[in-house]
Amino acid sequence: MHELPKQYDHKAAQDRCRTLWDTGRYWHAEPEAGRTSYSIVIPPPNVTGALHLGHALNNTLQDVLVRTRRMQGFLTLWMPGTDHAGIATQAVVERRLLEEEKLSRHDLGREQLVKRIWVWKEQYEKRILGQLRDLGASCDWDRIRFTLDDQCAAAVREAFFRLFQKGVVRRGKRLVNWDTFLQTAVSDDEVFHEQVKGHFWHIRYDVIDPKPGEPPSVTVATTRPETLLGDTAVAIHPQPGAALDLAEKALREKRAAATAKEQPEIDAALAELVARRADLLPGLERLAAMARDGRQVRLPLLGRAIPLVADEWAKPELGSGCVKITPAHDPNDYDVGRRRSLPMINILNPDGTLNAEAGPYAGLPMHKARTKVVADLEVAGQLVQVEDRVIELAHSDRSKTPIEPYLADQWFIRMDELAQPALDAVSGGRIRIFPERYAKSYLDWLSEKRDWPVSRQLWWGHQIPIWHVADVASADLEQAFGGCGSVAWRSDEAGGWFVCSSDESLATETVAGRPLVRDPDVLDTWFSSALWPHSTLGWPRQTPELAAFYPTSALVTSRDILTLWVARMVIMGIFDTGEIPFAEVAIHPKILDRYGETMSKSKGNGVDPIDVIDSLGADALRFALASMATETQDVRMPVDFQCPACGHLVEQTVQNRVKPRIDCPKCTKPFRTQWASNAADLTLPRGPAVSEKFESGRNFSNKLWNATRFVLMNIDGFAGENLSSGAAASLDIGSLPLEDRWLLSRLASVTREATRAVDEYRFAEAARTLYAFAWDEFCSAYLELCKSRLADPAHRDRARTMLLVGLDTILRLLHPIMPFVTEEIWQHLHEAAGSRRMPWDSGAKPLAASIMVAPWPAPPAAWMDATTETRFGTFLGVVAAIREIRARQNVPPKTRVAVAIRTSGDLASLLEPMRPAIEAMAAADIAAFGPDASASPSAATASAAGCDVFVDLADLVDVDAEIARLLKENEKTEGFLRAKQTKLADEKFASRAPEAVISKERAQLAELEARLAKGVAALADLRGRKGAT
RNA sequence: GGGCGAUUAGCUCAGUUGGUUAGAGCACUAGCUCGACAAGCUAGGGGUCAUAGGUUCGAGUCCUAUAUCGCCCACCA
């Protein structure tokens, strides 16, 4: 006999399963003619660090899809890989370099730094891929890619080259977010805003040669006074009066629509506007006229004459109505500068110090320059006023240092033409986004068609395949590269040329004696990510993989990168291949901590998935994550630290979550957290971050394990029938007892529900459906029922067959969510019952050696039978009724009770075969079963769907307790009854509700009336009995 | 400022096209070691579905407003 240990050992099972899968390479997909494929590319995790719970969720869901499709017979590929994550990775390595060796990247040089980052990458890539394997991800491990590997690099160069040829890659001065620590431009997405206390300085600029009646000066206000060194104008609205009228009109409209509560505030604003008009308008009108006349003001400190310009950007309703213009260091001023053709003076060096343009301030870092500028303005008497103000200061997400807007030459991609096909793909339904509402943010973002700045002044990344050459003629280039299809060139509008090549290097180092110089910049990391679906499959080569697996089937991601990544993949996929990169996009929730904050390593509120995998098992983790993946909202996960010494749980709080060590409040022993870095802390045992949410998954694994244990204990040499369609032993439904027909019916409907849920990315529903069925129906009901049948030689083998059908089907349905425990059980079943075949198995082929490649269940529709399910429900109701009476009368579990069941003759004969089952499951002896059954004088009563159940308790019955209970119950029934009567008596209801609803209500009313009558009779009976004693 | 979403049991969440007396897991209470499983079994307690209106014969579900929270986008001399 095949006997299993009492508890499921997830650690041993995980090791065994991984070995089995790796040996069989069931995760590998080779292009094969004639097979329908299903493919997913992994959202490549950054090699900046380890995977967190969000990744675990993302990858669990992908694995559920991939494992399901593989079992359904699709040629299934899940492409794994990691992302070089340009700036993020370089920042991490640079920060460590600085901390540990006090070196900057310039001390090391480009080549050495990149070498260091590769070392880092190897280390983290290994760790990440290891975590994915531990999670059970069935990626094709023979096809691991990296966004910076040779294959991806070739795709990047080719894609860039084509964009260059098409003319949508441009170079030009752009105002960028400059990170002065990393000395690179960063994208808007890599900038975060932080509120800091600052000031609002009001500075006076004197008018040059004011005429009589003209204001002698203008006052402007700024939060960044040092930028005045780069001012090239002061702006004033061209028609301040009209602008004020407009502002006033807008306010009045707002007031009309406002609630009474908001009105005082608007009134105050209106009053201010009116006062402002009186005070400032004449002056502003004068200034506007002066701007039209080309008059100038003198820039304080530097003494430069700068023009007054008329521009709508200056709002007369704000501040003094005038605004200083620093085109090279402010995004709005930049726009003004372009509109008014102003000079753009860059006052910054790349390292954040001021350059020669700043005159006497050159060499100072910005914050020192600010202090000095303010002090000098004060001395010069140009500082009018200083206000305290809270300002939103932009910081670089990567270096955590303040961002400086900075004018620099950058490469960017024009989106106007490229974006349209990507918009059409989603709005036309060729790409479907789940849940659908996210399509809106995709479309909104793309329809702005904003240019994509793609150059980064970094060393880690794909170096832009552009070479610069100056002082050559077009003919020289033609001669050098004319015959070469992989090289293109274009004038750089400054007398030089851009040469672009899709090859890694150019064939020559000079053209007409002039050197070709490689552009030092690298591409935004999202550029290579945008090519991921086709670059990983071999593009631009026409590989068999590309033909078989592109377009991919689905993309699974969280919503925050819908624009950054998903939209760009669609753009580039269509541009490069002419086809969409994926047919469906599944958006899953984010995991938040107990305070509703997103989990992140920097906050320290994360959970290492490996902690959960170690303590509770990968299946527990996966099951919990899948159950959380609902469509509507993000999910909160309260986290605790578990004391390694005593197991006590310490709630993770804002205070303790960043500490390297914690002293257990219970056993007082210290343990380390993920933050431990010094030697002393590292010697402490690790206290993993855990959440009770994962426990139900662990318990479920164990439940399945023990159900299997039961089946194997009873199988006793029975190897399983071949039920595959066409085989002799096929199931004859009509001959089966009620419980077997019920099981088949449930298997069919559960399979349908679970499959549909996965198809529609409703993972939580799939998990819930399977959990409830396996636990509450298969284990609690069916297994219990089988116990008596297994003891009866006449029925034993049929019960064994059905147990195997049930267990086998449940395992296959659960395998995508819980691969390890299902595989482990599959192997045990293989040993004990290897000749069994399900109707959806091929009868000729041997049973699959791994459940990973076992066919997905496909129960025939004929199994579904609603009548059987209802009847079985009645049976369960009778059992529950007897158990309830036992519980409320404190009958000891082993004491058998005598029961009478009063019900219609029809129902009684239908349920008669279930008599032994009822007796076994409720520890009861049925004395009477039918219309004539009646209560004995010492019975307690209960009702269940058309049956009255009387349990004869003899001297056990507590009459007073029964009376009290009946009183309470009758009262409750009366309450429902009255509500129902009122509803039915309501003429409106009777006249307007549909007939079906009314008859349903009537039936319920009748049922309630009968119930009450019985209750009243039982009560009278009990009272009489009490009087008799 | 614009957009999207959420608010249901002590906690974390489900709740199909509006239709019985609103569910699950964990936590809680009582009883139970019987050969599958104490990571278990049996029974139970616990909810004015954020608030206020409205539509409807009927609202957790639809509409409007309010409050609170979260996310995305834009802007803040």
Side-chain angles (χ1 to χ4, degrees), chain A residues 4 6-8 188 193 200 202 220-224 227 235 259 261 313-315 318-326 330-333 391-392 435 437-438 440-441 444-445 448 559-560 562-563 590 592 594 596-598 616 620 624 627-628 630-638 691-693 695-714 764-765 768 771-772 776 779-780 783-784 787 880 883-888 890-894 922-923 972-973 975-976 979-980 983 986-994 996-998 1000-1001 1003-1004 1007-1008:
Chain A
L4 265 37
K6 269 192 168 185
Q7 278 195 1
Y8 169 59
D188 290 344
H193 294 265
F200 204 40
H202 299 253
V220 296
T222 179
T223 56
R224 295 161 63 218
T227 59
T259 59
K261 211 173 117 190
W313 166 239
K315 306 275 191 302
L318 293 175
S320 67
C322 297
V323 56
K324 66 197 261 315
I325 301 296
T326 322
D330 181 279
N332 294 306
D333 293 5
I391 49 177
E392 297 257 328
R437 67 189 131 94
Y438 290 113
K440 185 173 158 50
S441 48
D444 285 352
W445 186 83
E448 288 183 38
R559 63 172 180 279
D560 40 3
L562 188 63
T563 51
K590 299 183 74 160
L592 312 173
R594 79 174 74 226
E597 293 182 50
T598 56
L616 300 172
S627 312
M628 283 185 245
T630 58
E631 290 183 276
T632 45
Q633 53 186 328
D634 290 340
V635 63
R636 282 191 198 213
M637 168 112 54
S691 169
E692 64 179 25
K693 289 208 136 195
E695 279 172 30
S696 71
R698 185 266 315 255
N699 296 352
F700 189 34
S701 302
N702 202 45
K703 189 73 182 176
L704 295 169
W705 182 255
N706 276 292
T708 308
R709 206 167 100 91
F710 172 80
V711 171
L712 292 184
M713 280 170 110
N714 287 291
E765 199 174 309
R768 210 173 25 246
Y771 179 92
D776 300 335
C779 289
S780 295
L783 243 56
E784 291 304 321
K787 286 178 181 172
R883 284 171 170 176
E884 188 212 318
I885 295 171
R886 297 179 61 107
R888 75 183 190 231
N890 290 317
V891 179
K894 283 180 195 163
K972 215 165 134 191
T973 310
F976 291 140
K980 198 66 67 182
K983 191 173 185 182
D986 189 335
E987 201 188 311
K988 283 185 190 164
F989 175 73
S991 60
R992 300 194 198 174
V997 172
I998 293 175
K1000 213 166 158 189
E1001 291 286 325
Q1004 283 159 18
E1007 197 272 322
L1008 283 169

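Model, not experiment: these values are computed from the prediction. All chains are named by letter (A, B, ...) in the order of the sequence lines, taking the proteins before the strands, and each is independently numbered beginning at 1.
Residue-to-nucleotide contacts include no donor-acceptor pair under 3.5 Å from the side chain of A:Glu448 to the base of B:A74. Applying the 3.5 Å distance criterion, the base of B:C37 shares a donor-acceptor pair with the side chain of A:Lys703. With hydrogens and angles left out, the side chain of A:Glu884 and the base of B:A43 share no donor-acceptor pair within 3.5 Å.
Among the heavy atoms of the strands lying under 4.0 Å from A:Gln7 is at least one base atom, whether or not backbone atoms are also near. Looking at heavy-atom distances under 4.0 Å, A:Ser441 makes no contact with the nucleic acid at all. A:Arg768 comes within contact range of the sugar-phosphate backbone alone, with a heavy-atom separation under 4.0 Å but no base atom that close. The residue A:Arg883 sits close only to the backbone: its heavy atoms come under 4.0 Å of sugar-phosphate atoms, none of a base. Within the 4.0 angstrom heavy-atom criterion, base atoms lie near A:Leu783. Counting any heavy atom pair closer than 4.0 Å across all strands shown, A:Val997 reaches a base atom.
OP1 or OP2 of B:C73 has not a single side-chain nitrogen or oxygen of A:Lys440 nearer than 4.0 Å. At least one side-chain nitrogen or oxygen of A:Lys980 sits closer than 4.0 Å to the OP1 or OP2 atom of B:U21. The shortest distance between the side-chain N/O atoms of A:Arg709 and the OP1/OP2 oxygens of B:A36 is not below 4.0 Å. Between A:Asn699 and B:G25 there is no side-chain N or O to OP1 or OP2 distance below 4.0 Å.
In this structure A:Asn706 satisfies the side chain to side chain donor-acceptor pair (under 3.5 Å) test together with A:Arg709, sequence neighbours excluded. Listed by chain and residue number, A:His202 satisfy the ring-ring contact (aromatic ring centres under 6.0 Å, His included) test with A:Phe200 (two or more places apart in sequence, or in another chain). A search for side-chain contact (heavy atoms from CB on, under 4.5 Å) contacts involving A:Tyr771 returns A:Phe623, A:Phe700, A:Trp775, not counting sequence neighbours. Scored by the side-chain contact (heavy atoms from CB on, under 4.5 Å) test, A:Glu1007 finds A:Arg1011 as partners (sequence neighbours excluded). Qualifying side-chain contact (heavy atoms from CB on, under 4.5 Å) partners for A:Glu765, counting only residues two or more places apart in sequence or in other chains: A:Ala757, A:Arg762, A:Arg768, A:Thr769.
One interatomic measurement links the two molecules: CD of A:Glu695 to P of B:C26, which rounds to 9 Å at whole-angstrom precision. Rounded to whole Å, the distance from CZ on A:Phe700 to P on B:A36 is 19 Å. Rounded to a whole Å, the CZ atom of A:Phe976 is 13 Å from the P atom of B:U20. Rounded to an integer number of Å, the gap from CG of A:Leu592 to P of B:C11 is 17 Å. In this structure, A:Lys988 atom NZ and B:G19 atom P are separated by 21 Å, rounded to whole Å. Between A:Phe989 atom CZ and B:G19 atom C1' the separation is 8 Å, expressed in whole Å. Between the P atom of B:G58 and the CD1 atom of A:Ile998 lies a distance of 13 Å, rounded to the nearest Å. The separation between A:Lys590 atom NZ and B:C69 atom P is 19 Å, rounded to whole Å.
Between B:C75 and B:U17, the distance separating the two P atoms is 39 Å to the nearest Å. Comparing B:U16 with B:C63, their P atoms sit 14 Å apart, to the nearest whole Å. B:A50 and B:U61 are spaced 8 Å apart, taking the P atom of each and rounding to whole Å. Rounded to the nearest Å, the gap between the P atom of B:C57 and that of B:C11 is 38 Å. For the C1' atoms, the distance from B:A24 to B:A67 is 29 Å, rounded to whole Å. Going from the C1' atom of B:G53 to that of B:G15 covers 25 Å, rounded to whole Å. Separating the C1' atom of B:C41 from that of B:C34 is a span of 10 Å, rounded to the nearest Å. Here, B:G46 and B:A39 have their P atoms 28 Å apart, quoted to the whole Å.
For A:Asn702 against A:Tyr8, the heavy-atom pair with the smallest separation is OD1-N, 3.1 Å. The shortest non-hydrogen separation linking A:Tyr438 to A:Leu562 is O-CD2, 3.3 Å. Considering every non-hydrogen atom in both A:Ser441 and A:Thr563, the closest pair reads O-CG2, 4.2 Å. Summarising the geometry of A:Asp330 relative to A:Arg224, their closest heavy-atom pair is OD2-NH1, 4.2 Å, with the distance given to 0.1 Å.
Residue A:Asn702 has its side chain nearest to B:A39 when only B:A38, B:A39, B:U56 are considered. Between B:C37, B:G5, B:U21, one nucleotide has an atom nearer to the side chain of A:Arg437 than all others, and that is B:G5. Distances were taken from every side-chain heavy atom of A:Arg559 (C-beta onward) to each of B:C71, B:C37, B:U42; the shortest belongs to B:C71. Side-chain proximity of A:Tyr771 to the nucleotides B:A43, B:C57, B:G25 is greatest for B:G25. Relative to the side chain of A:Glu784, the nucleotides B:C57, B:A43, B:A36 differ in distance, and B:A36 lies closest.
With the nearest nucleotide of RNA chain B identified for both A:Ala235 and A:Glu1007, A:Glu1007 has the one nearer the 5' end. Remark on RNA chain B: of its neighbouring residues A:Lys894 and A:Arg888, the 5'-side contact belongs to A:Lys894, judged by nearest-heavy-atom nucleotide.
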How does RNA chain B look in dot-bracket notation if pairs are Watson-Crick or G-U with both distances under 3.5 Å, crossing ones as [ ], other-strand ones as |? (((((((..((((.....[...)))).(((((.......))))).....(((((..]....))))))))))))....
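Of the possible polar contacts, one joining the A:Arg886 side chain to the A:Ala923 backbone as a donor-acceptor pair under 3.5 Å is found.
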